[in-house]
Amino acid sequence: VAKEPLMLLVRALADVVMTAGHELARLHRGADSFGDRLVPFYPPVDTAQFAPDAARRSEARARLGIGPDDLLLGTVGHLVWPKRQDVLIRAAATLAPQFNNLRVRILGANVPTHDAYATRLHEMADRLGLTSDGVLEFVDPGPHVAGFMPAFDVFVMPSRSESVGTATLEAMACGLPVVATDVGSVSEIVADGETGFLVPPLDVPAVTRATRTLLGDPSLRERMGRAGRQRAEQEFSVAHCART
């Protein structure tokens, strides 16, 4: 309802409307009336910077304290409530006893307006016994996300809301299989069963099941990661976005 006055103004003034994916256009009533002048796009990913790289992977894993035989589960995003890292933490608490070599790294900076949420995340991880032996750590990546991303074996995006999810695109570009919540236009970038798995938002058991499947199947991880990389190169590169 709140979007309707804005869309009346947009329809009156705009020659072209661009939306982050088709789903966001659907959610803004009247956007479809633009016909060919409605141009959905996806955030561009530098597929040269975000790319599979064995040397960078080894370096990043060393910096994160990850051994060569460890399975690294990770996510990237500011520690803010819509990102719902708490869902990943709860899933990790179930998975850790099943995979003795599981490690989890939550990459994200604190945001002053969400300090209480960040505090709850740390307290939850402590309470679930994930931090005492280093299974789970919080890391502020600063401007070095591209350097850390190749360290992961599985990428999880547990957000409650997204437009598209740039970090998910970056993970795919790095050749990682993803588990992502089916929100916003995420289903337009993650091919369920091909480049990863889509799960309902806030569904901890679903996140746990999908992640367990990937952790337990190296060949599936490789196959999905390869498909994700190919899709990122073909559909989500900077060049492709610029042409759009």
Side-chain angles (χ1 to χ4, degrees), residues 6 10 14-28 31-32 34-57 60 74-80 82-85 106-109 111 139-152 154-192 194-198 201 224-244:
L6 175 62
V10 168
D15 296 306
V16 174
V17 170
M18 299 187 74
T19 60
H22 295 269
E23 178 63 15
L24 291 195
R26 189 189 68 79
L27 292 174
H28 287 76
D32 55 357
F34 278 77
D36 291 342
R37 295 183 295 122
L38 172 64
V39 183
F41 74 100
Y42 302 97
V45 177
D46 186 340
T47 53
Q49 184 181 25
F50 288 90
D53 187 305
R56 286 169 61 195
R57 173 178 168 83
T75 191
V76 175
H78 290 309
L79 303 185
V80 296
K83 295 297 183 182
R84 297 310 301 259
Q85 291 94 342
I106 295 177
L107 274 57
V111 176
V139 178
D140 184 344
H144 307 297
V145 172
F148 283 117
M149 188 80 82
F152 296 156
V154 177
F155 179 85
V156 178
M157 192 279 284
S159 298
R160 175 64 183 86
S161 62
E162 290 281 351
S163 56
V164 174
T166 301
T168 302
L169 290 171
E170 292 168 347
M172 290 168 59
C174 287
L176 301 176
V178 303
V179 175
T181 45
D182 189 2
V183 294
S185 297
V186 173
S187 64
E188 297 171 32
I189 64 169
V190 177
D192 189 34
E194 296 179 19
T195 65
F197 295 113
L198 291 171
M224 286 187 165
R226 188 166 57 247
R229 170 66 187 181
Q230 182 178 17
R231 191 167 191 194
E233 289 179 308
Q234 293 175 349
E235 301 180 37
F236 308 124
S237 66
V238 173
H240 185 85
C241 184
R243 285 193 298 271
T244 301

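Both backbone and side-chain heavy atoms feed into the values below; hydrogens, waters and symmetry mates do not. Starting from 1, each residue takes its place in the sequence as its number.
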- Partner of L169 by side chain to side chain contact (heavy atoms under 4.5 Å, CB included), out of V164, V190, T47: V164
- Item | Partners passing side chain to side chain contact (heavy atoms under 4.5 Å, CB included) against A151 (at least two apart in sequence or in another chain) | A60, R61, L64, L72
- Task: Determine which pairs satisfy salt bridge (charged side-chain N to carboxylate O under 4.0 Å, His left out) with at least one residue from residues 231-244, sequence neighbours left out, and list them in order.
- Result: R229-E233, R231-E235
- Message: If I compare all heavy atoms of T75 with all of Q85, which pair ends up nearest, and what's the gap?
- Response: CG2-CG, 4.3 Å
- Item | Positive for side chain to side chain contact (heavy atoms under 4.5 Å, CB included) with C174, one of R56, R57, M149 | M149
- Between the side chain of E170 and the main-chain N/O of F50, is any donor-acceptor distance below 3.5 Å? no
- Task: Of all the heavy-atom pairs spanning V80 and V111, show the shortest one and how long it is.
- Result: CG1-CG2, 3.6 Å
- Message: Do V39 and T244 make a side-chain contact, defined as non-hydrogen atoms from C-beta onward lying under 4.5 Å apart?
- Response: yes
- Given side chain to side chain contact (heavy atoms under 4.5 Å, CB included), test V145 with L107 step by step and report yes or no. CA-CA 8 Å; V145 172; L107 274 57; 5.6 Å; no
- Shortest non-hydrogen contact from L24 to G184? CD2-CA, 4.5 Å
- Euclidean distance, I189 CD1 relative to M172 CE, rounded to 0.5 Å: 6.0 Å
- Note on the structure: dist D140:CG -> H78:NE2 (nearest 0.5 Å) comes out at 9.0 Å
- Message: Is it true that, when you exclude R160 itself, more than 12 heavy atoms of the residues, nucleotides or ligands shown sit nearer than 6.0 Å to its CZ?
- Response: no
- Shortest non-hydrogen pair, P201 vs D182, comes out as CD-O, 4.3 Å
- Value rounded to 0.5 Å, distance of CD in E194 from CD in Q230: 10.5 Å
- Kindly determine whether T19 and F41 satisfy side chain to side chain contact (heavy atoms under 4.5 Å, CB included), including the steps that lead there. CA-CA 6 Å; T19 60; F41 74 100; 5.7 Å; no
- Task: For Y42, check ring-ring contact (aromatic ring centres under 6.0 Å, His included) against everything at least two apart and list the hits.
- Result: F236
- Of all the heavy-atom pairs spanning A20 and S185, show the shortest one and how long it is. O-OG, 3.0 Å
- I would like to know whether T168 and F155 meet side chain to side chain contact (heavy atoms under 4.5 Å, CB included); could you show each step before the answer? CA-CA 8 Å; T168 302; F155 179 85; 3.8 Å; yes
- Nearest atoms (heavy-atom pairs only) where T166 meets P43: OG1-CB, 3.6 Å
- Can you check whether V76 reaches F148 side chain to side chain, under 4.5 Å on heavy atoms? no
- side chain to side chain contact (heavy atoms under 4.5 Å, CB included) evaluation trace for T181 with M157: CA-CA 6 Å; T181 45; M157 192 279 284; 3.7 Å; yes
- Message: Are the side chains of R84 and S159 in contact, using a 4.5 Å heavy-atom criterion?
- Response: no
